[in-house]
Amino acid sequence: MEPRLTSPITSSTRPGAPDTATPLSPPRTPTGHVPYWDIEAGPPLSDELRMSGFKHLMVVCMAAAGLSEQPWELYNAPDLTDRQALAGMLRVLGARVDVDGTEERIRIDAAPLTGHRVPSDQSAQVHGGAYLLPVLLARNGRVESGAHGGCRIGDGRGGGRPVAHIAQVLERFGAVCDTDGAGLTATAPRGLRGAVIDLADFSTPDPHRGLPTGPHYSGATKTALLTAATARGTTVLRHPYPKPDAQELARVIAQAGVAVDVTPDAIEIQGADGPIGGASVVLPSDLLEVVTFVTASVLLDRALTLRLTRPDVVRNGLAPELRHLRQIGTPLSWDGDLLRVRPAAGPLAPDRVVAASHLVYSDAQPLFALLLLAASAPSTLVETVWSGRFGYVHGLRSMGARLTVDGQELRIHPGRLHPAPGPLWGPDLRAAATLLLAALSVGTPHRLFGVEHLARGYARLPDKLRTIGARITPGTTTAPPDLPGLQEKFPAEGGDPR
């Protein structure tokens, strides 16, 4: 049995009211001020860390709560920019959102939700607001939104996340949609009806195994699950995205009283033809945070024990990553809810790592690139999900890494990293995390820009880094260095970082 709330929530709000524990909008750096971290290695404080909850599942569960008129409770919900922004959006739309920041618990009561317009100032900061589109359409028969943000790795307008595939999924259920490439307007004049959808239509076959992959595959699957939950009739989703953020969402919807049958090749949903029930969800540990700290343990040559929530989901969800970690020689052992990482006995083995929707997470490929610099021979990394997702390459090259980009392939020539001659910049979340770990592994002080991305993917990251021996000193500057892309992102005057 999953836990229930046993103590008062520390922040309670009426619809639309501000909440001091979870701001309506994530705090922003003042205009013209560019945030950075000064990073320096030091002695570790402990050899054990508790991993936070799974961001990718949290955002879709927060959205799914809007399909119900009964309360939803989420446990192990990390305090990330995405959580703050989604809580703010739901409040503006009329829902009651209570947050216990100490216990990482969220309670969402969407019974009073009546809004149909996704707040554009918050949706532009994170990609999770896109999952409110099917929810608001189901609740109100119409939805409007502007651009949806997050890391600038999409093919949407201005580097924002695309929404055309979401519109196409909604149209399969009977919606009438209009999108300008950034925002979306949709109505359901005859309601939403069950459909048979092959999610492979929203993908391309990966060149290695021929299985579906690509930037729209995950979002299309989650959109279809959310839409099917309250639609009238039966929905069959063939070839759904196989990762836990979609598969676990199907199980959560089932917990809310919807008849769901999950098989390896399809998900069948008997739509509720109306609001679904309540749910109490314990989020598993964040799979990408686990890979990040395994990488840190190997690079820093320090034993580390990771304490996990729902380790079965983590272990199954990271099966491709764990297989590659074993192949290159990373000593890992499991003990109940603990994952123990030990220093490698010698140089790591070379490898060929393919990031694809059925293989290694695209979010994990920058971390594997960093690990494979310590291999005994050249390695290859192939990216099949997002185009051009090698934003960390410039920073690693400045530290002496020999990396060759050929289209969607990265050739990694092993060698020791050296201190960078100047500041580093991570243009997206995982690039920033990769360069942060690279700076720590060198052992000399570095300044890292792009740290605003880290708050979207890692909860309490400075504290966790201090535990493993990092000294983090945050700061801002009005005179950012001349790094590729940084001046464009943070103009000298006007414009807020997202």
Side-chain angles (χ1 to χ4, degrees), residues 26-46 49 52 55 78-82 84 125-126 150-152 286 288-289 291-293 295-297 299-300 302 304 363 366-367 369-370 391-399 401 417-490 496-498:
R28 293 184 177 186
T29 303
T31 300
H33 290 248
V34 183
Y36 63 81
W37 286 357
D38 284 333
I39 303 164
E40 188 174 1
L45 304 178
S46 174
L49 282 175
S52 298
K55 166 195 167 176
D79 184 12
L80 302 172
T81 303
D82 294 61
Q84 297 170 7
Q125 299 168 26
V126 298
C151 290
R152 298 172 67 85
D286 191 283
L288 282 309
E289 185 176 58
V291 176
T292 300
F293 280 97
T295 302
S297 176
L299 292 177
L300 299 177
R302 293 172 184 167
L304 188 61
D363 280 357
L367 298 164
L370 183 56
Y392 53 90
V393 165
H394 180 272
L396 291 181
R397 283 175 175 165
S398 74
M399 303 176 78
L417 294 177
H418 306 289
L424 300 168
W425 178 52
D428 60 68
L429 168 58
R430 307 303 170 182
T434 297
L435 294 175
L436 189 158
L437 296 184
L440 279 177
S441 71
V442 171
T444 57
H446 282 79
R447 177 163 292 182
L448 174 65
F449 289 88
V451 295
E452 67 280 358
H453 297 298
L454 297 171
R456 289 190 289 101
Y458 299 95
R460 303 189 308 276
L461 183 58
D463 291 339
K464 292 174 182 174
L465 291 171
R466 292 185 190 102
T467 299
I468 64 171
R471 296 171 182 163
I472 305 296
T473 305
T476 64
T477 180
T478 57
D482 186 15
L483 294 170
L486 184 58
Q487 295 283 355
E488 176 186 354
K489 180 177 174 61
F490 292 99
D496 267 338
R498 288 182 179 176

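The chain is numbered in sequence order, starting from 1.
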Worksheet item: Any salt bridge between D363 and R430, counting N to O under 4.0 Å?
Response: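 Between R430 and D363 there is a salt bridge, with a charged N closer than 4.0 Å to a carboxylate O.
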
Closest approach of [X] to [Y] (non-hydrogen atoms, all atoms of both residues):
| X | Y | result |
| --- | --- | --- |
| A459 | E289 | O-OE2, 4.3 Å |
| K55 | D286 | N-OD2, 2.8 Å |
| G391 | A431 | C-CB, 4.1 Å |
| L417 | L396 | CD2-O, 4.2 Å |
| L424 | G395 | CD2-O, 3.7 Å |
| L437 | T295 | CD1-CG2, 3.9 Å |

Just verifying a value: how many Å separate [X] [atom1] and [Y] [atom2], rounded to the nearest 0.5 Å?
| X | Y | atom1 | atom2 | result |
| --- | --- | --- | --- | --- |
| L300 | F293 | CG | CZ | 10.0 Å |
| L436 | L465 | CG | CG | 5.5 Å |
| L448 | L440 | CG | CG | 10.0 Å |
| L370 | M399 | CG | CE | 8.5 Å |
| L435 | Y392 | CG | OH | 10.0 Å |
| T476 | Y36 | OG1 | OH | 6.5 Å |

Would you indicate whether the side-chain heavy atoms of [Y] and [X] approach each other to under 4.5 Å?
| X | Y | answer |
| --- | --- | --- |
| T478 | V34 | no |
| P462 | W37 | yes |
| K464 | S52 | yes |
| S46 | R466 | no |

Item to complete: Go through Q84 and D79 one step at a time and tell me if the side-chain contact (heavy atoms from CB on, under 4.5 Å) criterion holds.
Response: CA-CA 7 Å; Q84 297 170 7; D79 184 12; 2.9 Å; yes

Please answer whether the main-chain N or O of [Y] pairs with a side-chain N or O of [X] as donor and acceptor at a distance below 3.5 Å.
| X | Y | value |
| --- | --- | --- |
| R456 | V126 | no |
| S297 | R302 | yes |
| H446 | P419 | no |

Worksheet item: Between I472 and D38, does a side-chain contact (heavy atoms from CB on, under 4.5 Å) hold up when you go through it step by step?
Response: CA-CA 6 Å; I472 305 296; D38 284 333; over 6 Å; no

